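A short worksheet on the structure shown next.
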Amino acid sequence: MLLNKNIVLEIIRTNFSEQVEFESAMRVMDMYGYELEDIFDFPVDYAVLDSLGEMEIVEYSVAEDEKTIMGVLQLESIVEGYVHWDGSDEYWGSGETVLGFNFRFKAEDEKVSEFELWPI
């Protein structure tokens with residue numbers, strides 16, 4: 001299979017977009033306070049993923065078995081921040097951030113499988 005960054009990105013978009021969105025939402029929910037403060041310039045208690053924007057394959061490589069493709073994926077995202085106030089959660093605002101992930105999948109005979117994605 002002939003590959004370049006655009007083809008790898010299209011494979012991920014076409015076959016694994018739901019998993020990418022799920023893992024992105026989990027990454028945002030797991031962000032630490034200092035990460036959230038960098039996004040919102042104010043301490044927020046937690047954030048949730050609002051939307052994903054542009055995706056980019058930063059780098060990729062093909063393993064020696066010539067079936068495993070691995071690399072780094074970056075996603076622009078909009079996140080919403082919330083604070084606990086007077087016993088309820090109050091919307092603070094939204095901000096932009098870039099999420100980075102390592103990825104790996106198998107590509108054999110025009111079939112792709114075994115997609116894995118984990119935060120950098």
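Just so it is clear, the model here is predicted, and its values are computed rather than measured.
Counting only heavy atoms from C-beta outward, the side chains of Lys106 and Asp65 approach each other to under 4.5 Å. No side-chain heavy atom of Ile12 sits less than 4.5 Å from a side-chain heavy atom of Val112. Residues Met31 and Leu99 have side chains in contact (heavy-atom distance under 4.5 Å, counting atoms from C-beta outward).
The backbone N or O of Thr97 lies less than 3.5 Å from a partner atom in the side chain of Ser77, making a donor-acceptor pair. Asp109 places no side-chain N or O within 3.5 Å of a backbone atom of Lys111 that could act as its donor or acceptor partner. At least one donor-acceptor pair closer than 3.5 Å links the side chain of Glu35 to the backbone N or O of Tyr32.
Note: the hydrophobic cluster containing Ile11 also contains Phe103 (ILVMFWY, side chain heavy atoms under 4.5 Å, direct or indirect links). Residue Val83 is grouped with residue Leu36 when hydrophobic side chains (ILVMFWY) are merged at heavy-atom distances under 4.5 angstrom, including chains of intermediate members. By the criterion of side-chain heavy atoms lying less than 4.5 angstrom apart, applied directly or through intervening Ile, Leu, Val, Met, Phe, Trp or Tyr residues, Leu117 is not grouped with Val72; the two fall into different hydrophobic clusters.
Residues passing the ring pair (Phe, Tyr, Trp, His ring centres under 6.0 Å) test with Tyr60: none are found, sequence neighbours excluded. For Phe22, the ring pair (Phe, Tyr, Trp, His ring centres under 6.0 Å) criterion is met by no residue, not counting sequence neighbours.
Closest heavy-atom contact between Phe101 and Glu23: CZ-O, 3.9 Å. The two residues Glu80 and Phe40 make their nearest non-hydrogen contact at C-CZ, 3.8 Å.
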Would you tabulate the side-chain donor-acceptor contacts of residues 42-57 under 3.5 Å, counting partners in other chains and residues two or more places apart, or write 'none'?
| from | atom 1 | to | atom 2 | distance (Å) |
| --- | --- | --- | --- | --- |
| Asp45 | OD2 | His84 | N | 2.5 |
| Tyr46 | OH | Asp89 | OD2 | 3.0 |

